[in-house]
Number of protein chains: 2
Amino acid sequence: MSSLREVAKQANVAVSTVSAALNGTRPVAAATRARIELAAADLGYRPNLLARGLVSKRTGILALLYPAPNRGFGLTEMQFATSAAEAASEAGYHLLLSPDKSDPVAELRHLTGVGLIEGVLLMEVRLDDERVDHLVAAGTPFSMIGRTRQPAGISYADIDFAATARDAVDHIVGLGHRTLAFLNHSPDAYAALYGPTVRCAEEFAVAAGDRGVEYLGDLHADSVEQGRAAFEWLATNRPDVTAVAVMNDHAAVGVLGAVADRGWRVPEDLTLLLVLSSVEVARMFHPRLTTLEPPSAELGRLGARMLIDQLQPDAGEGKTPRQQLVPCRLVVGESSGPPRRGAETGVPE
Amino acid sequence: MSSLREVAKQANVAVSTVSAALNGTRPVAAATRARIELAAADLGYRPNLLARGLVSKRTGILALLYPAPNRGFGLTEMQFATSAAEAASEAGYHLLLSPDKSDPVAELRHLTGVGLIEGVLLMEVRLDDERVDHLVAAGTPFSMIGRTRQPAGISYADIDFAATARDAVDHIVGLGHRTLAFLNHSPDAYAALYGPTVRCAEEFAVAAGDRGVEYLGDLHADSVEQGRAAFEWLATNRPDVTAVAVMNDHAAVGVLGAVADRGWRVPEDLTLLLVLSSVEVARMFHPRLTTLEPPSAELGRLGARMLIDQLQPDAGEGKTPRQQLVPCRLVVGESSGPPRRGAETGVPE
DNA sequence: TTGTATGCGTTATCAA
DNA sequence: TTGATAACGCATACAA
């Protein structure tokens with residue numbers, strides 16, 4: 001409420017001196033500085049961000065761009081947002097929540113056009129993402145949670161899918177399993193270009209290959225019914241499969257249901273792994289599922305930090321983008337066990 | 001990027017005329033208005049929000065205050081945020097995410113002090129809430145999702161707990177139940193003043209009384225173990241109880257586990273109700289649980305709308321606060337059934 | 001070491 | 001109907 005001018009008057013100095021003293025932007029005599037700080041504290045002075053931003057082009061506002069929650073915006077995505085907001089707040093920045101509905105690029109153009117935004121934090125980045133192209137072209141500082149197919153030169157924090165897959169495969173190999181089925185998201189237009197969907201499948205295949213584990217990909221389920229169907233198909237056609245990794249929580253519900261219907265039990269007859277789900281969710285199952293929990297909070301925090309680092313004036317133009325991968329945390333639940341005996345029998349072909 | 005001045009030059013008029021034409025703030029000749037609009041579109045003009053806010057005190061930015069997600073930040077809370085953001089965006093406003101960590105009032109003072117915020121949307125409102133007191137005292141426009149003990153004069157959108165409890169009780173009465181146990185949150189310092197915790201318990205008691213259903217309150221569980229313990233206590237001491245309503249998802253997991261251990265089944269031997277959980281969550285259970293789903297998206301939207309309405313200049317000072325209650329949606333799952341036969345036997349005392 | 005003056009892009013108050 | 005012009009609160013180049 002109180003302006004720089006009022007502080008100046010109260011401290012008997014010029015406005016510019018107050019500004020300098022408070023921002024440390026030029027040397028100020030210790031005595032006057034003390035007077036100024038006293039006056040400022042006394043009046044409860046707060047610099048007006050609008051005025052400051054108007055002249056300095058630095059608003060301290062970051063935009064978090066997330067897709068409209070058509071595709072399940074879950075706990076994980078929320079964690080990105082809240083931890084990013086927290087990291088921003090710790091650095092003196094503010095985070096603006098920007099749902100991009102129909103036209104993300106238009107929304108982006110608007111946000112930067114009105115001079116509100118200093119930088120953008122991108123969520124739910126796809127392998128090919130028009131938002132990225134636009135931001136690069138416009139020269140707007142940004143960083144990503146997730147990454148495009150070719151993220152060279154762009155700051156991002158993403159899941160280390162390779163390490164995650166290795167951990168998962170090592171886990172089941174340690175239990176004695178020799179085959180692994182991977183239930184991915186349904187191959188709709190979205191999943192086809194969605195980073196986690198694509199990369200998880202790839203890296204699980206690689207990790208399985210490295211460990212000599214037979215890998216069954218090409219299975220998909222995004223609902224209870226589809227999960228159920230997928231397991232039934234497996235039980236019929238590949239009864240030798242002893243371990244299943246599932247990307248979608250509801251699909252896991254279906255698998256568990258089908259397993260029970262068949263008179264099987266988890267983990268005695270089947271080892272079930274949740275991929276990219278929080279322990280919070282894994283705990284809702286009975287038995288408590290083993291899960292690869294995404295480092296959501298850390299990714300959100302990292303993404304925000306990276307963006308903020310870019311915005312620091314001393315960062316210069318020759319700044320190297322930071323790119324960081326963080327593996328999921330393997331949290332072993334009650335759904336992990338050795339393969340059932342005699343699983344080799346009944347292998348078709 | 002391009003300023004009002006450039007548009008003015010291009011259209012051969014004064015800046016003030018451009019401003020007037022674009023904002024409709026004073027009559028402008030049709031011809032010149034056309035010229036101006038053409039020039040503006042041509043240059044891709046966007047009004048600078050900082051400059052505008054500096055003079056008009058209207059920034060178009062709303063702050064969403066939410067508690068640091070220590071206490072389970074679930075799907076529900078997430079929905080508030082996203083739907084509020086969406087509603088704000090539709091009205092041309094922006095939503096700032098403000099985690100209030102240690103000192104919410106200081107955070108609030110900061111936000112309004114720097115002139116960034118036009119109004120505040122409060123989440124997780126408690127029966128006695130210092131943030132509310134501060135906002136009222138400071139004269140900052142705000143609205144609440146949830147409400148305090150005495151919300152007179154303040155705009156809010158909250159759950160209609162009375163209607164919700166009635167629906168729930170009617171549901172089980174319709175099935176033939178005569179007793180209902182209510183598993184509330186654990187009575188820690190937080191829950192003691194948390195609206196839903198308190199109001200749900202009260203209204204369930206009232207609704208049960210109205211329908212002649214025996215009500216067992218004073219039960220609490222916020223974890224799997226506590227849920228398990230609670231059910232075991234019930235089975236031992238009140239084997240006549242045939243229906244249980246649970247506030248906490250994890251507690252429900254515990255109840256289900258204990259039910260199974262006892263050789264009982266849901267819904268044959270016990271009807272289980274989730275209270276204030278999304279179907280998304282209810283579906284994760286086996287059997288799929290009946291739930292009273294909170295109208296999160298609607299509340300978020302309503303809260304934002306109410307705040308925005310307050311901010312309209314034509315709202316005047318004599319504006320009546322809007323207060324709206326929305327009941328939960330009863331979604332019947334597979335955990336609802338008639339009471340088991342012979343439940344009356346074995347009633348202690 | 002400090003003060004003066006100018007401008008950032010708008011809106012709003014005047015005259016014209 | 002339109003055009004100057006003064007704020008809004010701050011940062012900064014320049015003068016003292």
Side-chain angles (χ1 to χ4, degrees), chain A residues 1-37 39-40 43-61 92 110-118 311 313, chain B residues 1-37 39-40 43-61 92 110-118 311 313:
Chain A
M1 303 292 157
S2 59
S3 70
L4 216 45
R5 211 172 39 193
E6 308 183 46
V7 178
K9 199 184 321 175
Q10 171 125 352
N12 262 321
V13 288
V15 206
S16 63
T17 309
V18 180
S19 172
L22 262 32
N23 294 319
T25 177
R26 81 182 184 192
V28 170
T32 57
R33 142 164 299 131
R35 269 213 323 284
I36 289 172
E37 283 170 349
L43 292 166
Y45 169 76
R46 308 258 180 209
N48 184 308
L49 286 194
L50 300 181
R52 169 177 295 177
L54 190 55
V55 37
S56 72
K57 300 303 175 203
R58 308 204 44 197
T59 62
I61 307 181
H110 172 77
L111 277 174
T112 57
V114 297
L116 206 53
I117 292 310
E118 240 183 289
L311 297 175
Chain B
M1 305 292 160
S2 57
S3 69
L4 216 45
R5 213 172 37 194
E6 309 182 46
V7 178
K9 200 185 319 176
Q10 172 124 352
N12 263 319
V13 289
V15 242
S16 61
T17 308
V18 179
S19 172
L22 263 32
N23 295 317
T25 176
R26 81 181 186 194
V28 170
T32 56
R33 140 163 302 131
R35 268 212 326 282
I36 289 173
E37 281 170 352
L43 292 165
Y45 169 77
R46 306 259 179 207
N48 183 307
L49 286 194
L50 300 180
R52 169 178 293 176
L54 189 56
V55 37
S56 73
K57 301 303 177 205
R58 307 204 48 198
T59 63
I61 306 181
H110 171 78
L111 278 173
T112 55
V114 297
L116 205 54
I117 291 311
E118 239 184 289
L311 297 174

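Computed from heavy atoms alone, side chains included, the values below leave out hydrogens, waters and symmetry copies. Chain A is the first sequence line, chain B the second, and so forth, proteins listed ahead of strands; every chain is numbered from 1.
- No engagement by A/Val15 is indicated, since no non-hydrogen atom pair under 4.0 Å with the nucleic acid exists.
- A 4.5 Å side-chain heavy-atom check between A/Leu49 and A/Thr59 finds every atom pair outside the cut-off.
- Protein atom CG of B/Leu116 is 15 Å distant from nucleotide atom P of D/dG9, rounded to whole Å.
- Nearest-nucleotide positions on DNA chain D place B/Arg33 closer to the 5' end than the other of B/Val55 and B/Arg33.
- Rounded to a whole Å, the CG atom of B/Leu54 is 9 Å from the C1' atom of C/dC8.
- Residue-to-nucleotide contacts include no donor-acceptor pair under 3.5 Å from the side chain of A/Arg52 to the base of C/dG7.
- Taking the side chain of A/Ser19 as heavy atoms from C-beta on, and the options C/dT10, D/dT2, D/dA11, the nearest nucleotide is D/dA11.
- C/dT2 atom P lies 8 Å from atom CZ of A/Arg35, rounded to whole Å.
- Below the 3.5 angstrom threshold, one finds a donor paired with an acceptor across the side chain of A/Ser16 and the base of C/dT4.
- Straight-line distance from the CG atom of B/Leu49 to the C1' atom of C/dC8: 15 Å, rounded to whole Å.
- Between the side chain of A/Glu6 and the backbone N or O of A/Ser3, at least one donor-acceptor pair lies under 3.5 Å.
- Within the structure, a side-chain polar atom (N or O) of A/Asn23 is placed less than 4.0 Å from OP1 or OP2 of D/dA11.
- Using a 4.0 Å heavy-atom cutoff across all strands shown, A/Leu4 reaches sugar-phosphate atoms only and no base atom.
- When all heavy atoms of A/Ala39 and A/Gln10 are compared, the pair lying nearest together is CB-CG, 3.6 Å.
- Nearest to the side chain of A/Ala14, among D/dA11, C/dG3, C/dT2, sits C/dG3.
- Regarding contacts with the backbone of D/dT12, every side-chain N or O of A/Ser56 stays at 4.0 angstrom or more from both OP1 and OP2.
- No hydrogens or angles were tested; on distance alone, nothing pairs the side chain of B/Arg5 with the base of C/dG7 as donor and acceptor under 3.5 Å.
- One interatomic measurement links the two molecules: CZ of B/Arg46 to C1' of C/dT10, which rounds to 17 Å at whole-angstrom precision.
- Within the 3.5 Å criterion, the main-chain N or O of A/Val15 finds no donor-acceptor partner in the side chain of A/Ser19.
- Listed nucleotides: D/dC10, D/dT1, C/dT2. Nearest to the side chain of A/Thr17: C/dT2.
- Comparing C/dG9, D/dG9, C/dT2 against the side chain of A/Ser3 picks out D/dG9 as the nearest.
- Here B/Thr25 does not reach the OP1 or OP2 of C/dT11: none of its side-chain N or O atoms lies under 4.0 Å away.
- Applying the 6.0 Å contact sphere to CZ of A/Arg58 captures more than 12 heavy atoms from other residues, nucleotides or ligands.
- The residue from A/Leu22, A/Val13, A/Val18, A/Val28 that alone fulfils the side chain to side chain contact (heavy atoms under 4.5 Å, CB included) condition with A/Arg33 is A/Val28.
- A straight line from CD1 of A/Ile36 to P of C/dT2 spans 7 Å, rounded to a whole angstrom.
- Between B/Lys9 atom NZ and C/dG9 atom P there is a gap of 12 Å when expressed in whole angstrom units.
- Computed from coordinates, the B/Asn48 CG to D/dG9 P distance equals 16 Å when rounded to whole Å.
- OP1 or OP2 of D/dG9 sits under 4.0 Å from a side-chain N or O of B/Lys57.
- Residue B/Pro47 is the one, among B/Arg26 and B/Pro47, whose nearest nucleotide of DNA chain C lies closer to the 5' end (criterion: closest heavy atom).
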